[in-house]
There are 2 protein chains.
Amino acid sequence: MATTDRQLVEQWRSIQDAYFRTSCAIDRALEAKFDIGLNEFEILDLVAESSETACRMKALGERTPMTQSAVSKVVDRLEKAGLLARHSCADDRRSLFLELTAAGRKLHEQAAVEHRALLKENLS
Amino acid sequence: MATTDRQLVEQWRSIQDAYFRTSCAIDRALEAKFDIGLNEFEILDLVAESSETACRMKALGERTPMTQSAVSKVVDRLEKAGLLARHSCADDRRSLFLELTAAGRKLHEQAAVEHRALLKENLS
DNA sequence: TCAAGGTATATGACGCGTCATTCAATGACA
DNA sequence: TGTCATTGAATGACGCGTCATATACCTTGA
């Protein structure tokens with residue numbers, strides 16, 4: 001294996017390591033303190049960001065690496081947890097708008113603090 | 001949200017994006033051409049690396065972010081595929097040594113080329 | 001206005017990783 | 001030597017993400 005190959009592999013492993021450590025740390029912290037996982041938080045975060053313009057499911061799919069079907073299931077869980085609501089849309093009845101509930105906004109606010117803190121701690 | 005927080009989040013998202021794109025690209029390519037996933041390849045790669053000193057399961061667990069039980073299952077699949085063999089160890093009969101089969105060595109050699117190429121392509 | 005194709009979301013089967021547990025083997029120490 | 005704790009690995013239940021579909025709705029064009 002050429003030297004550059006070895007370096008590539010080392011670089012990749014360190015990226016993997018950083019990624020895993022960071023995402024696990026965040027995931028566990030959110031799970032423990034707020035009973036939601038990292039993917040759930042990220043959806044909350046995206047919805048919170050686009051709170052001015054109502055947020056369609058479709059738009060979410062374009063902003064995460066998650067599959068459309070994964071997004072649908074994450075939203076399911078958030079809705080069951082009472083953090084998020086789906087509203088059907090008169091213009092196009094296939095579409096759904098998403099909106100944080102009061103509980104969702106509150107939880108997001110608190111969880112975001114934790115999230116940012118852990119990012120700062122883990123991203124060199 | 002403070003400016004630094006926003007930057008943190010952007011940085012994190014770009015890491016996530018790079019990580020997902022790279023690992024998906026590798027995973028799909030390996031799956032398509034060699035019928036093994038990324039985790040399977042990484043175990044093969046680790047075993048191949050330590051081919052001088054026989055490689056214990058335990059040692060693998062320490063070198064990947066995977067759980068011990070995940071490693072055990074990946075090794076199951078590789079063994080079923082005839083790419084890897086478990087050998088019991090006389091010194092400590094709880095331990096297992098792992099060794100690539102001829103087929104495993106050959107596949108690893110070919111897959112590694114693909115793997116390195118995709119890393120080079122995806123790591124800026 | 002009607003068929004044909006495209007789009008937005010939901011759903012079910014499936015694979016994989018994790019956790020908790022189990023089991024056998026080893027070590028430590030009286 | 002006999003207990004008790006520890007260690008290496010395997011296993012089963014479970015949750016989640018993905019793929020392939022299904023379903024409802026929309027759009028286009030003749």
Side-chain angles (χ1 to χ4, degrees), chain A residues 16 19-21 23-32 35-44 46-47 54-81 84-99, chain B residues 16 19-21 23-32 35-44 46-47 54-81 84-99:
Chain A
Q16 282 186 305
Y19 178 77
F20 272 102
R21 289 199 315 133
S23 62
C24 285
I26 298 176
D27 193 63
R28 278 152 201 275
L30 294 179
E31 200 78 59
D35 202 39
I36 61 173
L38 180 52
N39 279 349
E40 277 83 356
F41 174 78
E42 290 186 341
I43 293 298
L44 284 184
L46 287 173
V47 175
C55 178
R56 289 181 308 143
M57 291 284 294
K58 183 75 194 317
L60 282 185
E62 287 158 3
R63 302 217 211 157
T64 80
M66 276 183 269
T67 298
Q68 172 265 321
S69 105
V71 172
S72 179
K73 292 178 186 193
V74 170
V75 169
D76 275 354
R77 273 173 257 142
L78 290 171
E79 194 172 27
K80 266 174 200 132
L84 187 57
R86 287 171 163 106
H87 298 297
S88 61
C89 161
D91 291 9
D92 182 341
R93 273 149 46 199
R94 293 168 303 180
S95 277
L96 294 175
F97 288 124
L98 299 179
E99 208 179 17
Chain B
Q16 282 186 305
Y19 177 76
F20 271 103
R21 289 200 314 135
S23 62
C24 285
I26 298 176
D27 193 63
R28 278 150 201 277
L30 293 179
E31 198 79 59
D35 202 37
I36 61 172
L38 180 51
N39 279 349
E40 276 84 358
F41 174 77
E42 291 187 339
I43 294 297
L44 284 185
L46 287 173
V47 175
C55 179
R56 289 181 308 144
M57 290 285 293
K58 183 74 193 317
L60 282 186
E62 287 158 4
R63 302 217 210 157
T64 79
M66 275 183 270
T67 298
Q68 172 265 321
S69 105
V71 172
S72 178
K73 293 179 184 189
V74 170
V75 170
D76 274 355
R77 273 173 256 142
L78 290 171
E79 194 171 28
K80 268 176 197 128
L84 188 57
R86 288 172 163 106
H87 297 297
S88 61
C89 160
D91 291 9
D92 182 340
R93 274 150 43 199
R94 293 167 303 181
S95 277
L96 294 176
F97 288 123
L98 300 179
E99 208 180 18

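What you see is a predicted model, and the numbers here were worked out from it, not measured in a lab. Just so we're on the same page: letters track the sequence lines, and every chain starts at 1.
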Is the phosphate of D:dC16 approached by A:Asn39 (side-chain N or O, under 4.0 Å from OP1 or OP2)?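 No, because none of the side-chain N or O atoms of A:Asn39 sits under 4.0 Å from OP1 or OP2 of D:dC16.
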So, OP1 or OP2 of C:dG27: does either fall under 4.0 Å of a side-chain N or O from B:Arg93?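 Checking B:Arg93 against C:dG27: no side-chain N or O falls below 4.0 Å of OP1 or OP2.
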Could you state the [atom1]-[atom2] distance from [X] to [N], rounded to the nearest angstrom?
X	N	atom1	atom2	value
B:Glu79	D:dT11	CD	C1'	15 Å
B:Asp27	C:dC16	CG	P	10 Å
A:Leu38	D:dG15	CG	C1'	15 Å
B:Met66	D:dA9	CE	C1'	15 Å
B:Lys58	D:dT7	NZ	C1'	8 Å
A:Arg86	C:dT9	CZ	C1'	8 Å
B:Met57	C:dC23	CE	C1'	15 Å
B:Leu60	D:dA10	CG	C1'	15 Å

Side-chain donor or acceptor of [X] under 3.5 Å from a matching atom on the base of [N]?
X	N	value
B:Lys73	C:dT18	yes
A:Gln68	C:dA8	no
B:Thr67	C:dC19	no
B:Arg94	D:dT7	yes

Minimum-distance nucleotide to [X] side chain [options: [options]]:
X	options	result
B:Val74	C:dG17, C:dT9, D:dA10	C:dG17
A:Ala70	D:dA10, D:dC25, D:dT18	D:dT18
A:Asp92	C:dA10, D:dG8, D:dC25	D:dC25

Work out which heavy atom in B:Ser23 is nearest to a heavy atom in B:Leu38; give both atom names and the distance.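 Heavy atoms of B:Ser23 and B:Leu38 come nearest at CB-CD2, 3.7 Å.
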Taking every non-hydrogen atom, the tightest pair across A:Val71 and A:Met57: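 Shortest heavy-atom contact: CG1-CE, 4.0 Å.
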Verdict with supporting geometry, B:Ser95 and B:Lys58, side chain to side chain contact (heavy atoms under 4.5 Å, CB included): CA-CA 8 Å; B:Ser95 277; B:Lys58 183 74 193 317; 5.9 Å; no
Looking at side-chain heavy atoms only, is the closest gap between B:Leu96 and B:Ser88 below 4.5 Å?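 Result yes, sub-4.5 Å side-chain heavy-atom pair found.
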Taking for each residue the nucleotide of DNA chain D with the nearest heavy atom, is it A:Glu40 or B:Arg28 whose nucleotide lies nearer the 5' end?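 In this pair, the answer is A:Glu40.
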A:Ala90 or A:Arg77: which one's nearest nucleotide on DNA chain D is closer to the 5' end?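 Here A:Arg77 is the residue nearer the 5' end.
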Reckon A:Ser69 touches a base, only the sugar-phosphate, or nothing at all at heavy-atom distances under 4.0 Å?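 Base contact.
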Without placing hydrogens or testing angles, list every side-chain donor-acceptor pair under 3.5 Å for residues 73-81 of chain B, not counting sequence neighbours.
from, atom 1, to, atom 2, distance (Å)
B:Asp76, OD1, B:Arg86, NH1, 3.1
B:Asp76, OD1, B:Arg86, NH2, 3.0
B:Arg77, NH1, B:Glu40, OE2, 2.3
B:Glu79, OE1, B:Arg86, NH1, 2.5
B:Glu79, OE2, B:Arg86, N, 3.4

